[in-house]
Amino acid sequence: MTAGSTQGEMAEDFPLAGRAAAFEQLLEILRTVRKGKVGTVVLSGPSGSGKTALLELFLDHCRTAARGVRLLSAMGDDWEAQFALAGYSQLMRTLPLRTAKDYDGGPALAPGPVASLTPDQVVNYASTLSTHLEGLQTHGSVVVAVDDVHKLDEESLRILTFVMRRLHDKRVLFLLTLNPVDAPRVPAGVLDFLTGHQVVRIPLEPLSPQQVQDVARSLFGLDLSATAAHGLVTHTGGIAQSIVELLRELPPETWQSWFPSLPPTSRVRARVRSVLAAASPALVAAAESAAVLGPGAGLAEVARVGGLESVMPALDEGHRAGLLGLSVDQSRSAVAFLEPGTAEAVYEQIVPSRRIALHWKAAEVVQSEGEQLGHRVAATPAADETLAAELEEFARRQATVGAWQDASTALFSASRLSPDIRARNLRLLKAVDALVGSGNVAQAQAWAGAVDALPPSPLRSSVLGYLSTVSGQNDSAQSQLEMAWRTSNPQHEPAAAAQVAQRFVLHGVASWDGPMITGWAERATALTEPGTPAHIESEAIYGLGLYAQGRIADAEASYQRASAQAAENAQKQRVQMGAGWLALRLDNAESALVNFESAAPTEYRGGSLRISLWAEAWLARTHLVLGNWDAAAATISRASVRLETSRMPLIRPLLYWTAAELWSMRGDWDRARYYVSQAAVQPGTYRAMQVPASLARARFHEARADYESALAALQPLAELDPWTDQRVSFWPWQDTYVNALVMTDKLDAAETFLTAFEGVHREREVPSDLARVAWARGRLLAAQGDPDTAREYFEAALGHLRGLNRPYLRARISFAFGQSMRRAGKRRLASSVLRAARDLYDTLGAATYVERCDRELKATGLDVGNLPDPADPVLSSVGGHHQQLTAQEQAVAELVAAGATNKEAARALFLAEKTVQYHLTRLYRKMGIRSRSELAAAFRAKD
């Protein structure tokens with residue numbers, strides 16, 4: 001690796017994943033120092049974040065790849081910090097060609113504890129060091145590296161700071177590492193300097209899941225799933241050292257499936273044993289109690305479980321030992337372990353009998369019923385039907401309010417405690433079912449084999465069908481749910497049958513089959529009492545089934561009833577999500593925004609991650625529609641983390657459709673291409689997956705003016721997602737389809753499709769739908785040679801949007817309007833409309849279409865404000881020829897010179913391919929050239 005390596009090159013083979021940017025920053029600072037400027041850099045981060053490894057890699061680079069760099073180094077140490085000048089001595093001993101006089105002014109290492117130096121002595125030592133540094137830098141650059149500067153003795157720190165403050169215009173780089181937790185150990189004056197404006201601070205942030213995947217692949221040859229990577233980050237806090245240790249110590253198969261928890265590393269285990277062996281009984285009791293109580297254990301709880309009158313002395317001792325401490329925020333104070341994995345290591349070393357006794361005490365202390373039951377379960381190693389029944393009843397109540405994760409946890413415990421094998425299997429099935437309901441598909445899939453091995457039953461088929469549905473497996477879900485319904489008994493077990501019916505409702509939504517949704521929802525609600533989970537979820541989706549059949553008024557009334565009846569708990573999340581879908585489709589995007597924002601969070605009232613992810617995917621879409629594109633990007637980023645962790649393919653295309661479209665419009669092609677690939681689905685998946693996957697591809701290609709590819713992506717939708725008198729499509733693709741047909745000269749096909757689409761009966765006209773139909777007709781009429789009528793349709797389309805906040809759709813219509821009018825020779829009108837489109841796209845940050853608008857505006861040949869003015873013919877000069885190009889010829893020339901084919905240039909400028917060839921022939925003659933390569937060379941020379 002050389003000093004000139006790029007960050008992109010380093011990212012591929014850099015041994016410290018996630019630190020390539022910091023390494024490049026160090027190289028850049030070194031380049032600046034070598035030009036004659038002193039630099040001071042502090043690498044900061046918690047223990048294990050990779051500070052030392054990064055420092056060593058940089059120093060190795062200085063030794064092997066950077067010529068003329070001299071190194072001085074020291075390392076802070078807790079034991080040596082009690083000796084005066086210990087750090088100073090290390091630095092002086094690394095000087096080349098050292099002699100006895102190098103140490104004038106004091107001993108290299110004082111034999112006793114630190115004794116304060118007088119100011120004169122500090123100056124003398126600092127002068128000696130400065131003299132050596134100045135001498136060394138005359139022959140090259142000098143790097144002074146101090147690892148763990150917070151562990152350096154105070155006298156050495158003061159000398160070092162004295163030198164750093166006063167050394168100027170020298171080729172010296174001071175590079176220090178600092179743990180922010182230990183910063184208070186540094187004297188105030190020194191710390192002020194290290195955190196001041198003269199010092200460059202490079203914080204080493206926790207590793208991201210993507211970086212963890214890179215580490216696993218590069219160091220251990222492991223391909224971690226997103227779920228495993230997120231689990232590692234959660235367990236370790238993203239600390240690089242702990243991540244590498246776990247990847248090294250645990251078997252590779254650990255990472256191939258969902259795992260409930262991770263053990264501590266060997267290093268953490270050894271450290272915990274060492275600390276506890278030297279700890280007071282009070283600290284041991286506090287640590288064991290905190291480990292048993294789990295995260296967020298309060299002071300009073302730890303004291304009562306540990307039998308301590310006061311926990312504070314133990315916390316002070318634990319803090320000094322680096323084991324545990326006190327965490328305080330606005331809501332509460334809690335006992336917290338200082339390093340990831342410490343709680344697990346402490347818990348492991350508690351002998352079984354004491355562990356059980358502590359859990360019994362904890363069950364008496366904690367307030368939450370769920371926590372009480374959890375501690376009782378941990379204190380009950382053998383079967384216990386009484387406790388199992390309590391857990392099952394608790395799970396039933398949690399399911400009623402939609403707290404599916406709590407219900408699942410209780411049911412898994414109940415299954416383990418069941419003495420009867422039938423009861424054990426039944427509770428296991430219910431536990432996995434609740435797990436799917438919570439949206440934790442990754443964990444549910446880990447249980448799929450166990451469920452499949454159980455004896456056939458309606459519940460088993462229902463659970464497998466439910467899991468198949470959220471996993472996007474259409475055919476498997478249909479088969480399993482049909483089996484569940486055939487073998488169920490609605491008369492004798494109505495609740496179980498209703499649950500199967502409700503699963504068919506979800507299956508119907510994913511299929512966007514209105515009759516299936518309403519038919520099964522009516523069965524489910526008839527078989528259950530209001531307020532039960534199956535009843536509520538069926539009601540929450542029923543309105544979508546009505547809308548899918550074109551029954552808009554009935555759909556709205558359905559959600560009014562459902563909203564009025566929904567209790568203020570997690571079940572309301574489902575109603576809000578469904579109501580948001582309908583509101584968005586009926587142009588009430590502002591109401592949709594409120595519903596989706598309310599349905600997305602699950603932290604405080606529980607609920608389903610599946611519903612939350614649906615809501616976030618539609619929330620991102622709503623932001624896009626309303627022109628809040630930065631908010632859309634933030635929502636996508638947040639939701640994608642949870643989506644990949646949960647392994648829920650059903651929702652991926654919906655979220656990534658918006659992502660692909662957003663980044664295509666903004667011109668970030670690599671990111672857009674990535675999201676198109678992430679949205680892709682296999683044959684046999686649900687319509688709710690296939691349609692947005694096709695739209696992601698289509699909008700990507702449309703943004704690149706590749707209308708043939710856009711048409712290929714959209715063509716299947718005419719059959720897959722038809723809009724008829726009995727069926728309403730939910731996804732707005734029809735205008736994009738007509739546009740692709742027109743832009744690929746398939747005018748007859750566009751006429752046939754659009755005429756049929758215009759003739760479909762609609763119970764109520766939705767303004768945005770009217771606008772889409774009108775601009776599609778305007779686009780077609782313009783291509784058919786009737787620009788005057790086309791103008792009427794375009795203006796009508798914009799009129800339908802009057803009063804609606806739809807900047808993105810307005811920009812799309814205005815661009816097509818202006819492009820069509822420019823082609824028809826109506827240059828002034830085209831210029832005016834294109835300017836409006838450009839302003840809208842510019843506000844949205846849609847760089848792709850800002851550029852296309854600029855090209856169209858140039859092609860009008862009129863004054864377009866701050867754009868290059870093509871009102872007069874454009875002068876071109878090649879080989880002594882000075883000729884005039886028209887605005888149209890200039891636009892064609894720019895595209896062809898950039899590498900576009902005649903067909904691509906025609907598509908981009910909405911011209912016939914023959915017209916492009918005609919313009920090329922004319923401009924070749926005017927410019928005195930004979931080929932596309934000469935044209936490209938002419939434009940390169942002009943630039």
Side-chain angles (χ1 to χ4, degrees), residues 6-26 43-54 57 177 179-181 201-248 250 254-256 258-259 261-262 265 339-341 440 442 603 609 612-613 616 620 630 632-648 652 655-656 659-660 662-663 668 670-675 677-678:
T6 65
Q7 182 175 332
E9 291 169 344
M10 287 189 297
E12 296 181 2
D13 57 0
F14 190 68
L16 300 174
R19 306 302 180 224
F23 188 82
E24 175 60 31
Q25 191 174 355
L26 288 176
L43 296 175
S44 65
S47 177
S49 60
K51 301 185 300 299
T52 299
L54 179 57
L57 188 73
T177 69
N179 187 337
V181 173
R201 290 177 298 280
I202 303 179
L204 299 189
E205 303 292 344
L207 295 186
S208 69
Q210 179 62 56
Q211 291 166 341
V212 170
Q213 289 175 305
D214 293 341
V215 168
R217 191 177 298 110
S218 62
L219 297 185
F220 304 102
L222 295 171
D223 286 323
L224 292 189
S225 66
T227 303
H230 281 282
L232 261 172
V233 170
T234 300
H235 179 73
T236 63
I239 299 300
Q241 181 182 17
S242 299
I243 289 168
V244 171
E245 288 172 346
L246 284 169
L247 289 171
R248 180 184 295 118
L250 296 181
T254 303
W255 316 106
Q256 302 309 311
W258 178 87
F259 42 86
S261 62
L262 288 170
T265 66
E339 183 179 2
N440 195 338
E603 289 82 357
L609 178 60
S612 177
L613 286 171
E616 287 201 292
D630 289 341
T635 300
I636 291 164
S637 178
R638 179 179 64 248
S640 63
V641 172
R642 300 203 298 158
L643 178 60
E644 296 306 328
T645 304
S646 69
R647 294 188 190 174
M648 205 175 306
R652 296 177 92 246
L655 180 68
Y656 294 143
L662 172 66
W663 294 113
D668 189 336
D670 289 339
R671 194 179 303 192
R673 193 175 287 107
Y674 167 77
Y675 282 121
S677 69
Q678 293 300 298

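Heavy atoms only: backbone and side chains are in, while hydrogens, waters and symmetry mates are out.
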Worksheet item: Does any non-hydrogen side-chain atom of Leu224 lie less than 4.5 Å from one of Leu232?
Response: yes

Practice prompt. Measure the shortest side-chain to side-chain distance between Glu205 and Gln211 over non-hydrogen atoms and say whether it is less than 4.5 angstrom.
Written response: no

Response to the item:
Rounding to 0.5 Å, atoms CG (Leu655) and CZ (Arg638) come to a distance of 10.5 Å

Discussion item. Counting C-beta onward and ignoring hydrogens, is there a side-chain heavy-atom pair between Leu643 and Tyr656 closer than 4.5 Å?
Written reply: yes

Practice prompt. State, yes or no, whether a side-chain contact exists between Pro46 and Ile239 at a heavy-atom distance under 4.5 Å.
Written response: yes

Discussion item. Between Trp255 and Leu247, is there a side-chain heavy-atom distance shorter than 4.5 Å?
Written reply: yes

Worksheet item: Any side-chain donor-acceptor pair under 3.5 Å between Arg642 and Ser612?
Response: yes

Discussion item. Would you compute the distance between atom OG of Ser49 and atom CZ of Arg19 and round it to the nearest 0.5 angstrom?
Written reply: 6.0 Å

Worksheet item: Donor-acceptor pair, Thr234 side chain versus His230 backbone, under 3.5 Å?
Response: yes

Discussion item. With heavy-atom distances below 4.5 Å as the criterion, would you say the side chains of Glu339 and Thr236 are in contact?
Written reply: no

Practice prompt. Please round to the nearest 0.5 Å and tell me the distance separating atom OG of Ser225 and atom CD of Glu644.
Written response: 10.0 Å

Discussion item. If I compare all heavy atoms of Leu204 with all of Gly50, which pair ends up nearest, and what's the gap?
Written reply: CD1-C, 3.8 Å

Fill in: Interatomic spacing from CG in Leu662 to OG1 in Thr635 - rounded to 0.5 Å
10.5 Å

Worksheet item: Which pair of non-hydrogen atoms, one from Tyr675 and one from Ala660, has the smallest distance, and what is that distance?
Response: CB-N, 3.8 Å

Worksheet item: Rounded to the nearest 0.5 Å, how far does CG of Leu613 lie from CZ of Arg652?
Response: 11.5 Å

Response to the item:
On a heavy-atom basis, the closest approach of Pro340 and Gly237 is CG-N, 4.3 Å

Worksheet item: What is the distance from atom CG of Leu54 to atom OG1 of Thr177, rounded to the nearest 0.5 Å?
Response: 10.0 Å

Worksheet item: What pair of heavy atoms forms the shortest contact from Lys51 to Gly45, and how long is it?
Response: NZ-O, 2.9 Å

Item to complete: Heavy atoms only: give me the nearest Ile636-Ala620 pair and the separation to one decimal.
Response: CG1-CB, 3.8 Å

Worksheet item: Are Leu262 and Leu250 close enough that some pair of their side-chain heavy atoms sits under 4.5 Å apart?
Response: yes

